[in-house]
Amino acid sequence: MNEKRKNETPLLEVDHLAVTFYTPHGTFNVVRDVSFTIQRGEVLALVGETGCGKSISAFAIVRYLLPFHPGESRVDGTIFFEGKDLIAMPDSELQKLRGNRIAMVYQNPGTSLNPTMRVGLQMEEVLKQHLRVESKQAHQRTVELFDSVGLAEPDRIGQRYPHQLSGGMQQRVMIAMALACDPDLLIMDEPTTGLDVTTEATILDLMVDLKQRVNAGILFVSHNLGTVARVADRVAVMYAGQTVEQGPASAIFKRSKHPYTTGLLQCVPQPPSEDETNTRLRSIPGDTYAPEEVNLQACLFAPRCPMAQEMCHTEAPEILSVGDSHQSRCFFWNNVHKGIWGELEPRDEGIRETAEPVLNANKLQRFFGQWQRKYILFGPRVRPPVRAVTDIGFEVGGGRTLGIVGESGCGKTTVARLVAGLIPRQRGDILLRTEELAPMIEERTDQQRAALRMVFQNPTTSLNPKLPARHTIVRSLQKLARLSRKDSHERAEELARAVRLEPAYLDRRPEALSGGEQQRIVLAAAFAGESDLIIADEAVASLDVSVQAQVIKLLEDHQRESGTSYIFISHDLGVVRYISDDILVLYAGHIAESGPAECVLNIPSHPYTEALLSAVPIPDPDATPTRIRLGGAVPTLRERFQGCFFAGRCPRKIGPICDNTPPPVHIGPGSPDHAIHCHIPVEELIKLQSD
């Protein structure tokens, strides 16, 4: 009897969790009422918009709140791990659980890794602390863990410092560190945000393997509904610090019983319909219920809900059972269907093209490092430099968007930084309209700097943490648009409204803004100079689907009104398909495929493009995965390729010719601008990819 009761005890049980911060700026009800359980061998996904309390709920489980906030905090409710109260647990006992039986992967690996230590030593430190292994065993286990998450040269990468790794590589190091001790409970806070689709798929496979191999429970915090559908057994949907719906993944995705969940699912970019009609991206109107607002006796989603009635504004709904382990916090759950948000609108596909390209890049090349000799200063050359970008060329048309896709380490961000002048090119030309751009931004004219702006992946590092957000926009207006102090402040408020922010937000410091709000501030600063070209490097990667939809619509509206061109870099091929007119597919610093979006993303395509498309997670838990698995990792880019750059991983390799001869360029059907760099003829690619 006791053994049966032990087996029935949930691995993790969170009941009516509430987290309140008391600060000099007021009281913030960050988490109001969250309840869920996780059994062994189960993945529970926690989804919702930015600022809804997902990460704070995860931090509360391992009592990480006080070090993260200078003010006082209060945690109400109960949190039990294997029947033990984590809130009341002594620090010494909790310390033994952290990193060992309970491990966590954080959203921003750049701030989670020690910048002064090599990543290999950081991993070995974890193994020695929790598993009490010797240095030799720790080193060997570190190499195995790095290899398990798809890091190239796992025996060498441990010698690098965090700043020498890309964002995706840093995240894989963090995931390897979390898996080091085979934890019983793994908390993953946006673990795949910075990863490309193939690496993301590998990590998701690792999650599935972990829960099966050691019967682990996983709390998976994510805004990517495709990855949630791929791995989650159950889903809990949060809004304004409350769980508003919870149930099996299939029920949440197919038969959601809360208007908010249905709205989130509607925000995902949809592929073209059977008649090739593209629909305009949808977002949930309004803003989330602010944490500083008191918890009134009302439905917190009522101001944004298309079904709201009078009682929704005067009574607070309880979480109700709606059948078969499915719960909803809605009075009218029985009337919820996807049609409550209205019909999807056709997208305006007006011609966006000019005879003169805004930007023309030709044969760009960038290597990092130099040849290393065997004896430092003399002897034979034994280690070549990294060939980050090799002979890359492309055009960006006026009022058009060029999407650049590929795995981490393929050269996307290097291309963006070469164009922006943040790193010098070693060969090649870049023309902004008819003017050649100097390699470095310091050497460019004020007009050229104003005409070309860049939006980075992490908005937090783009904003001065000690100054209000207004400073970033005002400084851009004064430096680039040459406005006076008074005019720049007035224009800053206009730009804030243009990106759907009230001017009051400009007086907040970055720490008081959500990730989506920070990104909108950065976009407003980019719009400030009335640029000809904006480079967006993973500008929506860290945003939830609703805020992502709002930001994409902002970019779309701004382009329609001003004629601005974009270079849009993203791992999310669904977003790239929606926003791009043309696409450039990069692999190992080379062009695999390029051309109009409708040609690149359809049959035929380069085998690498085909693999990327097959790895895209679909927001449908019942969908059968059809991913083409690519063995190994992106090459280290040190050796010159004798044949095809993709030959080492290509699932459609046809023989020695791929290893020994550079691929020819084939012109695909549908457009003379569709180029496929492959030995396989177009007709055969069509046949292979149609089977």
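Just so you know, these numbers come straight off a predicted model, no measurement behind them.
- A donor-acceptor distance shorter than 3.5 angstrom exists from the side chain of Lys54 to the backbone of Glu49, with no hydrogens or angles considered.
- Distance check: Leu165 CG to Gln171 CD gives 12.0 Å after rounding to the nearest 0.5 Å.
- Here the side chain of Glu42 pairs a donor or acceptor atom with the backbone of Gln39 at under 3.5 angstrom.
- No side-chain donor-acceptor contact under 3.5 Å links Ser222 and Asn224.
- Stacking of Arg649 on the aromatic ring of Phe646 is not recorded, the 6.0 Å distance cut-off and the 45° axial limit not both being met.
- The shortest side-chain heavy-atom distance between Tyr106 and Ser55 does not fall under the 4.5 Å cut-off.
- Looking at every heavy atom in both residues, Phe146 comes nearest to Val119 through CZ-O, 4.1 Å.
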request  = Under the side-chain contact (heavy atoms from CB on, under 4.5 Å) rule, what do Leu86 and Val62 come out as? Steps first, then yes or no, please.
outcome  = CA-CA 7 Å; Leu86 291 179; Val62 281; 5.7 Å; no
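- Other residues, nucleotides and ligands place more than 12 heavy atoms under 6.0 Å from the NZ atom of Lys128.
- Arg40 has a carboxylate O that lies under 4.0 Å from a charged side-chain N of Glu82, or vice versa, which qualifies the two as a salt bridge.
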query = Checking side chain to side chain donor-acceptor pair (under 3.5 Å) for the pair His571/Glu200: CA distance, chi angles, key distance, verdict?
reply = CA-CA 10 Å; His571 292 134; Glu200 176 183 74; over 6 Å; no
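- Counting only distance, with no hydrogens or angles, the side chain of Asp233 and the backbone of Val43 share a donor-acceptor pair below 3.5 Å.
- Ionic pairing of Arg508 and Glu292 is present here: one or more N-O contacts between side-chain nitrogen and carboxylate oxygen are shorter than 4.0 angstrom.
- Note that CD of Gln519 is 5.5 Å distant from CG of Leu523, once rounded to the nearest 0.5 Å.
- A pairwise comparison of heavy atoms in Ile187 and Ile102 identifies CD1-CG2, 4.1 Å as the closest pair.
- Side chains of Phe368 and Ile423 form a contact here, defined as non-hydrogen atoms less than 4.5 Å apart.
- Across all their heavy atoms, Gln159 and Arg118 have their closest contact at O-NH1, 2.6 Å.
- Here Glu517 does not pair with Arg520 in a salt bridge; the nearest charged N to carboxylate O distance is not below 4.0 Å.
- Closest heavy-atom contact between Ala60 and Leu17: CB-CD2, 4.1 Å.
- Look at Asp537 and Lys412 and you find no salt bridge, because none of the NZ, NE, NH1 or NH2 atoms lies under 4.0 Å from a carboxylate O.
- Taking both residues in full, the closest heavy atoms of Val455 and Ala539 are given as CG1-CB, 4.0 Å, listed atom of the first, atom of the second, then distance.
- The aromatic ring centroids of Phe641 and His590 lie less than 6.0 Å from each other.
- For His130, the NE2 atom sits in a packed shell: over 12 heavy atoms of surrounding residues, nucleotides or ligands are nearer than 6.0 Å.
- Panel note: side chain Arg366, backbone Pro424; a donor-acceptor pair is recorded below 3.5 Å.
- Using a 4.5 Å heavy-atom threshold, the side chains of Glu72 and Phe21 count as separate.
- Side-chain atoms of Val522 and Leu463, non-hydrogen and from C-beta on, do get closer than 4.5 Å to each other.
- Looking at Leu513 and Ile521, their side chains come closer than 4.5 Å, going by heavy atoms from C-beta outward.
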Derivation of the salt bridge (charged side-chain N to carboxylate O under 4.0 Å, His left out) call for Glu144 and Arg141 = CA-CA 5 Å; Glu144 293 173 356; Arg141 177 61 175 156; 3.6 Å; yes
request  = Take Val540 and Phe568 through the side-chain contact (heavy atoms from CB on, under 4.5 Å) test and state the conclusion after the steps.
outcome  = CA-CA 10 Å; Val540 298; Phe568 189 85; 3.9 Å; yes
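- In this structure, CD on Glu124 lies 14.0 Å from CD on Gln129, to the nearest 0.5 angstrom.
- No side-chain heavy atom of Met188 sits less than 4.5 Å from a side-chain heavy atom of Val221.
- Residue Glu125 holds its CD atom at 8.5 Å from CE of Met177, rounded to the nearest 0.5 Å.
- Distance alone, capped at 3.5 Å, is enough to place a donor-acceptor pair between the Asp572 side chain and the Val575 backbone.
- At a threshold of 4.5 Å between non-hydrogen side-chain atoms, the residues Met89 and Leu97 count as touching.
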task = Show the numbers, then the answer: is there a side-chain contact (heavy atoms from CB on, under 4.5 Å) between Leu12 and Thr37?
result = CA-CA 6 Å; Leu12 180 72; Thr37 60; over 6 Å; no
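- Side-chain contact check for Thr390 and Gln365: no donor-acceptor pair (N or O, by modelled atom type) lies under 3.5 Å.
- A donor-acceptor pair under 3.5 Å is formed between the side chain of Gln426 and the backbone N or O of Phe367.
- Remark: side-chain polar atoms of Gln122 are paired, donor with acceptor, to backbone N or O of Asn114 under 3.5 angstrom.
- Shortest non-hydrogen contact noted between Ser35 and Thr243 is N-OG1, 3.7 Å.
- Here the SG-CZ distance, from Cys181 to Arg98, works out to 15.0 Å after rounding to the nearest 0.5 Å.
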ask   = Yes or no on side chain to side chain donor-acceptor pair (under 3.5 Å) for Tyr608 and Glu407, after CA distance, side-chain angles and deciding distance?
value = CA-CA 10 Å; Tyr608 179 57; Glu407 292 173 285; 3.1 Å; yes
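- Taken to the nearest 0.5 Å, the CD1 atom of Ile618 stands 13.5 Å off from the CG atom of Leu225.
- The closest donor-acceptor contact from the side chain of Glu13 to the backbone of Phe80 lies at 3.5 Å or more, if one exists at all.
- Counting only N and O atoms by type, the side chains of Arg234 and Gln246 include a donor and acceptor under 3.5 Å apart.
- Considering only heavy atoms from C-beta on, Leu422 comes within 4.5 Å of Met454 through its side chain.
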query = After noting the C-alpha distance and the side-chain angles of Thr20 and Phe28, does the key distance pass the side-chain contact (heavy atoms from CB on, under 4.5 Å) rule?
reply = CA-CA 6 Å; Thr20 306; Phe28 293 85; over 6 Å; no
